[in-house]
**Q** 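Here you go, one structure.
This is a predicted model, so every value here is computed, not measured. Below, chains carry the letters A, B, ... as their sequence lines are ordered, and counting in each starts from 1.
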2 protein chains.
Amino acid sequence: MTQNNRSLTLRDVSEASGVSEMTVSRVLRNRGDVSATTREKVLSAAKELGYVPNKIAGALASQRVNLVAVIIPSLSNMVFPEVLAGVSQVLEDTELQPVVGVTDYLPEKEEKVLYEMLSWRPSGVIIAGLEHTEAARAMMNASGIPVVEIMDADGEAVDAMVGISHRRAGRVMAASILEAGYKKIAFLGTKMPLDHRARKRFEGFTETLAKSGIEVAEREFYSGGSALAKGREMTQAVLERSPDIDFIYYSNDMIGAGGLLYLMEKGIDVPGQIGLAGFNGVELLQGLPRRLATMDACRREIGVKAAEIIAASVNDNVTEKSVTLTPKISFGDTLLRK
Amino acid sequence: MTQNNRSLTLRDVSEASGVSEMTVSRVLRNRGDVSATTREKVLSAAKELGYVPNKIAGALASQRVNLVAVIIPSLSNMVFPEVLAGVSQVLEDTELQPVVGVTDYLPEKEEKVLYEMLSWRPSGVIIAGLEHTEAARAMMNASGIPVVEIMDADGEAVDAMVGISHRRAGRVMAASILEAGYKKIAFLGTKMPLDHRARKRFEGFTETLAKSGIEVAEREFYSGGSALAKGREMTQAVLERSPDIDFIYYSNDMIGAGGLLYLMEKGIDVPGQIGLAGFNGVELLQGLPRRLATMDACRREIGVKAAEIIAASVNDNVTEKSVTLTPKISFGDTLLRK
DNA sequence: CTCTGAGATGTTCGCGCTAGCATCACAAAC
DNA sequence: GTTTGTGATGCTAGCGCGAACATCTCAGAG
């Protein structure tokens, strides 16, 4: 418990307890046979000294690192923390531990973060998206480490993948909107060419509209700032340009909520005059004056499945290499049902 | 770029490029003098092979680990991601890298996470709060690693600290409320005895009210669920019990926003009939129909300062060991100004 | 033509720990 | 008494890399 300048080692504990380093190591790892008295002696000496094992040396010697790299674009929206929660929940029952890296939706940063993570030789990698730089893909391949690409199911995985089809999500939402009779449809989203999942939703969306001979009447994109406030502003801007819009599809729930608040303040009939829908199914929506129509992205479940795949690989168990979840639409109070 | 069963080492690169391992090491770390031609040769060989250095071995050999452990209670509310953003921003200009651990507000889990983190021998520790288990405190002391305790300034730090006084924050808010003439005051918060900062705010709050002979008229606590929805429910419950409440102080902005939405729907005059205030100054508030009164917790700045202290310690620079930031109240549209 | 020095490259050793085996003590079986 | 077995403990040899030092090479000075 005293402060020391250089860190304690197994040797310090072994000297303090009068047994070999090996025995101390065994006690601290609960490995092999150690007599109860020795165990006690060692544990009390370790505690006395305030010894914390050096995992760096341990990992090098044993060639095992109980870390799982989780690489995601952002922590600041609600979506990835929930994926993380799913991952943590599963890993907590194993020896594995998640370590998070954030890419800010930048491919080069993703590559850098991946490199950094791989240099610690983790037991597995969980990484968002199917789009990566050539180099990133090569690293994952060459690493020999199990990799699970998550969130998206529209594309080819390096190793394993767990996600939903965003293209399909866009199509399903478009179909529901058309079915409800809306005709003049606006799309509001983020100005992020690198958010491939939002892009795919939009593609699926317009594709289905096109089949009914409908085009998106208005679109608007934002970047930065408070999503709720941006949802307001964009909704206002779009309605000023095209007052006859009868539906607005938002690329995420947060801006959808902003739009909803704006329309309600203006006394506009939702969903009679204008229908609304978002995407993600965030918990926040429960507290809104009206429940926004949305589509659950199965975030927690994706985290759970991905972690299970990694955990299985570590134990040499074979598992599904590709899991596609099906998000369910929830109509809430802002999208008429047929 | 081909997949291999066991991981590549410096030796593989050295053989591929015809120079010694040491030279490869120097090239990859940009350390020491290496001729341009050799450098090229090595880099192309490394790239060809898809070699990723093993930081575990590197860290063991050099006794340096460029990681900073950041230990926080939660990722799911808006507050800690913003602290993290501040930390990352500063560390990005250094060789250091943040690694996040989450404690869920549980002291035992904090202790476990800390132990785990320290076993990787990071260059620094940034940890939320001043309250820790005896063992946790002992570990931090014994580690010889720079430690910055953040968010709170009401207490004793193990090593360094950066935060605000939550007691003072509660007092200042109480004073402003009294000054505006409110008398019948309710407090709504979280059911978390272990959230010491919320507790301290509440203590400061009641202390100042008491000096004016006022007691909190109603209180209500929640746990779990959507904060926005809980804010609604609790506000409704409290007003049903005591319809003459004229002010509600929420322990965070999210439940405050829920309350605000509820009151507006009910057509209640805010802040005429009932005033409201939250805590944190989250960005979300900008999109609300009215700006909620709140107090900025200086989250980003705390992250920045803490990271700066760690960065300075790593370079053996001396710095301030205790930084107390002063949050500013913002009256928004829900708290009358004198 | 030799010497000098600085840049370029190589060698040795050990970081703290664990796998894999060797060894030891002691009790029960013969 | 000797053997055998079993649980407890110790020893040795690296894991892959980098610090520190040793060595080599070659241009320019003398």
Side-chain angles (χ1 to χ4, degrees), chain A residues 4-43 45-46 49-66 95 116 118-123 143-144, chain B residues 4-43 45-46 49 51-66 95 116 118-123 143-145:
Chain A
N4 6 23
N5 11 19
R6 69 183 167 291
S7 188
L8 296 162
T9 73
L10 272 188
R11 153 151 272 113
D12 294 294
V13 183
S14 102
E15 281 169 2
S17 54
V19 298
S20 72
E21 294 177 38
M22 199 58 233
T23 302
V24 176
S25 171
R26 278 196 272 255
V27 169
L28 296 177
R29 287 179 300 143
N30 286 311
R31 225 38 84 77
D33 297 311
V34 182
S35 70
T37 45
T38 309
R39 154 168 272 107
E40 279 315 308
K41 222 170 23 181
V42 169
L43 284 177
L49 294 169
Y51 174 71
V52 177
N54 185 331
K55 287 220 176 171
I56 298 188
L60 184 62
S62 68
Q63 303 283 47
R64 275 186 286 96
V65 181
N66 296 324
E95 295 198 303
E116 197 70 29
L118 288 180
S119 74
W120 291 100
R121 303 290 189 264
S123 291
S143 70
Chain B
N4 5 26
N5 11 19
R6 64 179 173 293
S7 188
L8 296 162
T9 73
L10 273 187
R11 153 150 271 115
D12 296 292
V13 182
S14 101
E15 281 170 1
S17 55
V19 298
S20 71
E21 294 177 37
M22 198 58 232
T23 301
V24 176
S25 170
R26 277 195 272 253
V27 169
L28 296 178
R29 286 179 300 141
N30 287 310
R31 222 42 79 76
D33 297 310
V34 182
S35 71
T37 44
T38 309
R39 153 168 272 106
E40 279 315 308
K41 221 170 25 181
V42 169
L43 284 177
L49 294 168
Y51 173 72
V52 177
N54 186 331
K55 287 221 175 172
I56 298 190
L60 185 62
S62 68
Q63 303 284 55
R64 275 187 287 94
V65 180
N66 295 324
E95 297 197 304
E116 199 70 30
L118 288 180
S119 74
W120 290 100
R121 303 289 190 265
S123 292
S143 71
I145 293 172

**Q** Which nucleotide, dG18(D), dG10(C), dT18(C), lies nearest any side-chain atom of Leu10(B)?
**A** dG18(D)
**Q** Select one nucleotide: of dC17(D), dA8(C), dA19(C), the one nearest the side-chain heavy atoms of Ser35(B).
**A**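 Output: dA8(C).
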**Q** So if I take every side-chain heavy atom of Ala57(A) and compare against dC17(C), dT9(D), dC11(D), which nucleotide ends up nearest?
**A**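 Looking only at heavy atoms from C-beta outward on Ala57(A), the closest nucleotide is dC17(C).
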**Q** On the nucleotide dT9(D), are OP1 or OP2 found under 4.0 Å from the side-chain N or O atoms that Thr23(A) carries?
**A** no
**Q** Does dA8(C) have OP1 or OP2 sitting under 4.0 Å from an N or O in the side chain of Thr38(B)?
**A** no
**Q** Restricting to non-hydrogen atoms, name the atom on Leu49(B) and the atom on Leu8(B) that form the minimum distance, rounded to 0.1 Å.
**A** O-CD1, 3.3 Å
**Q** From the options dC15(D), dC17(D), dG10(C), select the nucleotide whose nearest atom is closest to the side chain of Asn54(B).
**A**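 That would be dC17(D).
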**Q** Does a side-chain N or O of Arg29(B) approach OP1 or OP2 of dG18(D) to a distance below 4.0 Å, or not?
**A**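 Checking Arg29(B) against dG18(D): at least one side-chain N or O falls below 4.0 Å of OP1 or OP2.
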**Q** What's the CZ-P distance between Arg31(B) and dT9(C), to the nearest Å?
**A**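 Atom CZ in Arg31(B) sits about 17 Å away from atom P in dT9(C).
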**Q** Identify which nucleotide among dC15(D), dG10(C), dG18(D) has an atom closest to any side-chain atom of Gln63(A), counting heavy atoms from C-beta outward.
**A**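 Nearest to the side-chain atoms of Gln63(A), counting from C-beta on, is dC15(D).
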**Q** Regarding Leu60(A), tell me which of base, sugar-phosphate or nothing describes its non-hydrogen contacts under 4.0 Å with the strands shown.
**A**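 Base, at least one base atom sits under 4.0 Å.
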**Q** Once you apply a heavy-atom cut-off of 4.0 Å, does Arg26(B) come out as touching a base, just sugar-phosphate, or nothing?
**A**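 Touches a base.
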**Q** Using only side-chain N and O atoms of Thr9(A), determine if any of them is under 4.0 Å from OP1 or OP2 of dG16(C).
**A** no
**Q** Is any side-chain nitrogen or oxygen of Ser62(A) closer than 4.0 Å to OP1 or OP2 of dT18(C)?
**A**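 No, because none of the side-chain N or O atoms of Ser62(A) sits under 4.0 Å from OP1 or OP2 of dT18(C).
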**Q** Can you tell me if the side-chain N/O atoms of Ser25(B) get under 4.0 Å from OP1 or OP2 in dG18(D)?
**A** yes
**Q** Identify whether any heavy atom of Arg64(A) sits under 4.0 Å from a base atom; if not, whether one sits that close to sugar-phosphate; answer base, sugar-phosphate or nothing.
**A**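 Sugar-phosphate: the residue Arg64(A), judged by heavy atoms under 4.0 Å, touches backbone atoms but no base.
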**Q** Looking only at non-hydrogen atoms, find the nearest pair between Glu21(B) and Leu10(B) and report the distance.
**A** O-CD1, 3.9 Å
**Q** Taking for each residue the nucleotide of DNA chain C with the nearest heavy atom, is it Ala61(B) or Ala36(B) whose nucleotide lies nearer the 5' end?
**A**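 With Ala61(B) and Ala36(B) compared, the 5'-side residue is Ala36(B).
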**Q** Considering every strand and a 4.0 Å limit on heavy-atom distances, what is the contact class for Asp33(A): base, sugar-phosphate, or nothing?
**A**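 It contacts base atoms.
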**Q** Kindly indicate whether the side chain of Arg39(A), heavy atoms from C-beta on, has any atom under 4.5 Å from the side chain of Asn30(A).
**A**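 Sidechains of Asn30(A) and Arg39(A): in contact.
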**Q** To the nearest Å, how far apart are Met22(A) CE and dA13(D) P?
**A** 15 Å
**Q** When you look at CZ of Arg29(B), are more than 12 heavy atoms from neighbouring residues, nucleotides or ligands closer to it than 6.0 Å?
**A** yes
**Q** Indicate whether OP1 or OP2 belonging to dC17(C) is found under 4.0 Å from a side-chain N or O atom of Tyr51(A).
**A**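 Tyr51(A) to dC17(C) OP1/OP2: side-chain N or O found under 4.0 Å.
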